Amino acid sequence: MLVPRSKYLKQLDDLSVAMEDLGQKTIADVTAAGLALAKGDVEAAEEVISGEMRMRRLRATIEDTCLDIMLMQQPLVADDLRYVSGSFRLVSDLAHIDSKSRDVAYLATQIPHEAASAIETEIATASGKVAYMVKVALESFADADRDRAEEVFASDDEVDALYERAEQVVVDLIRKGDADATHLPELLMAAKYFERMGDDAERIAKWTIFRLTGTHDLKGGFGSLCDKGLA
């Protein structure tokens, strides 16, 4: 059963607005969690932790809207179908990032700032880079912009390098027998969360591939698709 064109366009508009809201929340939480850990701001960390229910509500709104469109408006134009079905699936990637942000925020309430200061620069820089990656990834998907997706793929190497630097600092401190090494393993775990968030942001950008080609390559970027003749 087809819904009226006006309602269909309204549903697409509502979906776009909800996606933007979810993206903005994810970006804000990534940034806040990183700064909370780097600066020892427990209050900011607790605010990130308390936002879980809002994330769930936004995700449910998007998934319900996507299902309504797919069930009530058949057949969908190819690009609309890829946009709606891609949106339905990439919200889980955003949820994974936001969940990791809350994990980092929790660690920020447990790790003394003196310990976190060892990799303060790496944590703050990584959180900012991941937040930017999420922003660009969502824009690339919304605009079906291949070049912006490629920018996300390139940025992931920078996040990986930041994690490797943080890892080396923590490992060196452990090897030196630092008198207060109690929280160093948790600190390394926090740095690893940002490295994984970068992978999640890259995965979001790959939904742009899906929107452009109908194929979602989980292993590579556009280069691997070109090799297969799909891009």
Side-chain angles (χ1 to χ4, degrees), residues 18-62 90-138 155-156 158-174 178-204:
M19 288 289 291
E20 184 173 354
D21 288 346
L22 183 63
Q24 289 299 324
K25 180 187 181 340
T26 305
I27 291 166
D29 284 349
V30 169
T31 305
L35 291 178
L37 179 61
K39 302 300 182 183
D41 190 338
V42 174
E43 184 176 344
E46 290 175 342
E47 186 172 343
V48 174
I49 295 169
S50 68
E52 182 175 3
M53 289 308 299
R54 181 168 177 240
M55 165 59 73
R56 290 186 179 183
R57 286 194 297 270
L58 285 169
R59 179 177 181 179
T61 296
I62 292 171
L90 75 76
V91 292
S92 64
D93 299 317
L94 287 172
H96 290 156
I97 293 172
D98 203 65
S99 177
K100 293 181 181 74
S101 295
R102 287 193 296 277
D103 289 335
V104 171
Y106 172 75
L107 289 173
T109 68
Q110 305 299 308
I111 301 173
H113 181 239
E114 307 82 67
S117 64
I119 57 171
E120 178 178 332
T121 299
E122 288 78 9
I123 290 293
T125 304
S127 66
K129 175 59 69 173
V130 170
Y132 180 74
M133 287 173 69
V134 173
K135 176 179 179 292
V136 174
L138 289 171
S155 295
D156 190 49
E158 299 175 41
V159 176
D160 290 344
L162 285 166
Y163 170 70
E164 290 171 3
R165 278 167 43 189
E167 181 182 43
Q168 190 58 57
V169 169
V170 173
V171 168
D172 287 346
L173 288 172
I174 292 174
D178 190 291
D180 186 17
T182 306
H183 297 282
L184 292 180
E186 288 91 340
L187 187 59
L188 186 58
M189 183 186 304
K192 186 64 176 177
Y193 277 128
F194 285 109
E195 190 267 338
R196 290 175 177 170
M197 287 184 219
D199 293 340
D200 290 329
E202 188 178 31
R203 188 180 176 97
I204 292 170

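The figures here come from the full heavy-atom set of this structure, side chains too, leaving out hydrogens, waters and symmetry mates. These numbers come from a predicted model, not from an experiment.
Under the side-chain contact (heavy atoms from CB on, under 4.5 Å) test applied with Leu22, the options Val91, Ile27, Leu90, Thr61 reduce to a single match, Val91. With Asp93 as the partner, the side-chain contact (heavy atoms from CB on, under 4.5 Å) test is satisfied by one option alone out of Ile204, Val134, Thr26: Ile204.
Taking 4.5 Å as the limit, some side-chain heavy atom of Ile97 sits within range of a side-chain heavy atom of Val30. At a threshold of 4.5 Å between non-hydrogen side-chain atoms, the residues Leu138 and Leu94 count as touching. Counting heavy atoms from C-beta outward, Gln24 and Asp21 have side chains that stay 4.5 Å or more apart.
Every residue two or more places apart in sequence or in another chain that forms a side-chain contact (heavy atoms from CB on, under 4.5 Å) with Leu188 is listed here: Tyr163, Glu167, Val170. Every residue two or more places apart in sequence or in another chain that forms a side-chain contact (heavy atoms from CB on, under 4.5 Å) with Glu52 is listed here: Arg56, Arg102. Residues passing the side-chain contact (heavy atoms from CB on, under 4.5 Å) test with Glu186 are Leu107, Ile111, His183, sequence neighbours excluded. In this structure, the salt bridge (Lys or Arg N to Asp or Glu O under 4.0 Å) partners of Lys25, at least two apart in sequence or on a different chain, are Asp29, Asp98. For Arg57, there are no salt bridge (Lys or Arg N to Asp or Glu O under 4.0 Å) partners, not counting sequence neighbours. Looking at residues two or more places apart in sequence or on another chain, you find a side-chain hydrogen bond (donor to acceptor under 3.5 Å, both in side chains) between Gln168 and Asp172. Legend: residues meeting side-chain contact (heavy atoms from CB on, under 4.5 Å) with Glu46, ordered by chain and number and at least two apart, are Val42, Thr109. Among residues two or more places apart in sequence or in another chain, the side-chain hydrogen bond (donor to acceptor under 3.5 Å, both in side chains) test is passed with Glu158 by Lys129. Considering only residues two or more places apart in sequence or on other chains, Tyr132 meets the side-chain hydrogen bond (donor to acceptor under 3.5 Å, both in side chains) condition with Glu151.
The neighbour count for Glu20 CD, taken as heavy atoms of other residues, nucleotides or ligands under 6.0 Å away, does not exceed 12.
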Give the C-alpha distance, both sets of side-chain angles, the deciding distance and a yes or no for side-chain contact (heavy atoms from CB on, under 4.5 Å) between His96 and Ser99. CA-CA 5 Å; His96 290 156; Ser99 177; 5.7 Å; no
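Asp160 CG to Glu202 CD: the interatomic distance, rounded to the nearest 0.5 Å, is 8.5 Å.
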Under 3.5 Å, which donor-acceptor pairs do the side chains of residues 192-201 form with other protein atoms, sequence neighbours left out?
| unit_1 | atom_1 | unit_2 | atom_2 | d |
| --- | --- | --- | --- | --- |
| Lys192 | NZ | Glu195 | OE1 | 3.1 |
| Asp200 | OD2 | Lys100 | NZ | 2.8 |

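Under the salt bridge (charged side-chain N to carboxylate O under 4.0 Å, His left out) criterion, no residue pair touches residues 103-113, with sequence neighbours excluded.
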